[in-house]
Amino acid sequence: MTDTENTASRPIALVTGASRGIGRAIAEDLGRTHHVLVGGRDAAAVDAVVRTLPSAAPFVGDLTTGPVPGLPSVLDVLVHSAGVEEGGSIADTDLDVWRRVFAANVFAVAELTRLAIPALRAARGLVVVVNSGSGFTAGAGGAVYSGSKFAARAFTDALREEERPNGVRVASVHPGRTDTDMQRALVAREGLEYDSRFAMPAESVARTVRVVVDMPPSATVESLSIRPTERR
Ligand SMILES: NC(=O)c1ccc[n+]([C@@H]2O[C@H](COP(=O)([O-])OP(=O)(O)OC[C@H]3O[C@@H](n4cnc5c(N)ncnc54)[C@H](OP(=O)(O)O)[C@@H]3O)[C@@H](O)[C@H]2O)c1
């Protein structure tokens, strides 16, 4: 089957941040049923994921600096998983850090969504934003990351109401600690030893997104939290 035939016969999902971590697990799961546009900055890493999927194409670019790669005219699912985690106490965090985190976790999500809205409306599609438990609460050292995820939650709440009349559904998925590069870097910064018992496999988050995607069009999973069973 050619790529064009695959694209024509399957619904299309764009997953950002799919070169690794949670986004990769989501791309692999959606790849069972969808033609997947695999997002990431590193073309070789993205191609490695594309090659494992039955129907996929690369979507390579830095979403904070653009230009955003070309989008299909009809898009069934847009999953925003690309994101960064940085920042410490407010006293120790300079403006560049705030800018980097909000650029990736908020502004890039807003701009890609804006560009994709015509294609999402054409499909009566679904937007899934991979948020975080940090999108609900903030503690010491969490102002930057939580701030960006609170903003992302406000974005999804507003988008959901704006696009409701157009049949576009919007979901916010809130994972707790998940076993990825980001989590390992965070635990190292916390000065703790990494213990995978306290982090879920990325596949568990992908299964959550699958529930959201498989919901019939008459219902929307608006917000969903998933956390590891064991806590440190
Ligand atoms: N891991 C956790 O414990 C956890 C918990 C709650 C929520 N989350 C959220 O889940 C999402 C995925 O996190 P993860 O743990 O999978 O992170 P990760 O392993 O660090 O992977 C991050 C992904 O985002 C992509 N990315 C980062 N900046 C980008 C940019 N400017 N343009 C395009 N792509 C960019 C990376 O692409 P490259 O490969 O090109 O760098 C990579 O594919 C994030 O939104 C994160 O906030 C994670």
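Counting starts at 1 for both ligands and their atoms, in listed order.
In the hydrophobic cluster analysis, where Ile, Leu, Val, Met, Phe, Trp and Tyr join through side-chain heavy atoms closer than 4.5 angstrom, Ile26 is grouped apart from Leu120. Note on Val15: it clusters hydrophobically with Met215, by side-chain heavy-atom contacts below 4.5 Å among ILVMFWY residues. Hydrophobic clustering keeps Val109 apart from Val128 (ILVMFWY residues linked when any side-chain heavy atoms are closer than 4.5 Å, directly or through intermediates). Note: the hydrophobic cluster containing Leu37 does not contain Leu126 (ILVMFWY, side chain heavy atoms under 4.5 Å, direct or indirect links).
Residue Asn105 has no N or O atom closer than 3.5 Å to an N or O atom of ligand 1. By the 3.5 Å distance cut-off applied to N or O atoms, Thr178 is counted among the residues near ligand 1. The shortest N or O to N or O distance between Ser81 and ligand 1 is below 3.5 Å. Between Leu63 and ligand 1, at least one pair of N/O atoms sits closer than 3.5 Å. Checking only distances, Gly23 never comes within under 3.5 Å of ligand 1, N or O to N or O.
The nearest non-hydrogen atom to atom 5 (C) of ligand 1, considering only Ala82, Gly176, Gly40, Ala18, comes from Gly176. For atom 38 (P) of ligand 1, the candidate residues are Ala43, Ser19, Ala108; the nearest heavy-atom contact is made by Ser19. Considering only non-hydrogen atoms, atom 28 (N) of ligand 1 lies nearest to Arg41 out of Arg41, Arg100, His174. Among Asp181, Val187, Val130, Asn131, the residue whose heavy atom sits closest to atom 7 (C) of ligand 1 is Asn131. With Gly83, Gly39, Gly21 as candidates, the residue nearest to atom 22 (C) of ligand 1 on a non-hydrogen basis is Gly83.
For atom 13 (O) of ligand 1, the closest heavy atom belonging to the protein is Met182 CE, 3.7 Å. The shortest contact between atom 23 (C) of ligand 1 and any protein heavy atom is with Gly17 CA, 3.7 Å. Nearest non-hydrogen protein atom to atom 16 (O) of ligand 1 is Ile22 N, 2.8 Å. Nearest non-hydrogen protein atom to atom 45 (O) of ligand 1 is Lys149 NZ, 3.0 Å. In terms of protein heavy-atom proximity, atom 14 (P) of ligand 1 is nearest to Thr180 OG1, 3.7 Å. In this structure, the protein non-hydrogen atom closest to atom 18 (P) of ligand 1 is Arg20 NH1, 3.6 Å. Remark: minimum distance from atom 31 (N) of ligand 1 to any protein heavy atom is reached at Asp62 OD1, 2.9 Å.
Of the charged side-chain nitrogens involved, none lies within less than 4.0 Å of a carboxylate oxygen, so that Arg207 and Glu203 do not count as a salt-bridged pair.
For the pair Leu63 and Thr16, the minimum side-chain heavy-atom distance is below 4.5 Å. For the pair Leu112 and Phe59, the minimum side-chain heavy-atom distance is below 4.5 Å.
Against a heavy-atom cut-off of under 4.0 Å, Asp42 is close to the following atoms of ligand 1: 40 (O). Short contacts between ligand 1 and Gly61, defined as distances under 4.0 Å to a heavy atom of the residue, involve ligand atoms 32 (N), 33 (C). Contact atoms of ligand 1 toward Arg177: 3 (O) (distance under 4.0 Å to a heavy atom of the residue). Of all atoms in ligand 1, numbered sequentially from 1 with element shown, those under 4.0 Å from a heavy atom of Tyr145 are 7 (C), 8 (N), 9 (C), 46 (C), 47 (O).
Open room surrounds CD1 on Ile90; 12 or fewer heavy atoms of other groups in view lie less than 6.0 Å from it.
A distance of 11.0 Å separates OG1 of Thr137 from NE2 of His174, quoted to the nearest 0.5 Å. Distance check: Thr156 OG1 to Lys149 NZ gives 10.5 Å after rounding to the nearest 0.5 Å.
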Ignoring hydrogens and angles, write down the donor-acceptor pairs under 3.5 Å from the side chains of residues 217-232, residues two or more places apart or on other chains.
| residue | atom | partner | partner atom | Å |
| --- | --- | --- | --- | --- |
| Glu222 | OE2 | Arg164 | NH2 | 3.2 |
| Arg232 | NH2 | Glu193 | O | 2.9 |

Give every donor-acceptor pair under 3.5 Å between a side-chain atom in residues 67-80 and any protein atom, sequence neighbours left out.
| residue | atom | partner | partner atom | Å |
| --- | --- | --- | --- | --- |
| Asp76 | OD2 | Ile12 | N | 2.8 |
| His80 | NE2 | Thr113 | OG1 | 2.8 |

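Close to ligand 1: Pro175, with a non-hydrogen atom less than 4.0 angstrom away.
For the residue pair Arg210/Thr33, the side-chain donor-acceptor check at 3.5 Å is satisfied.
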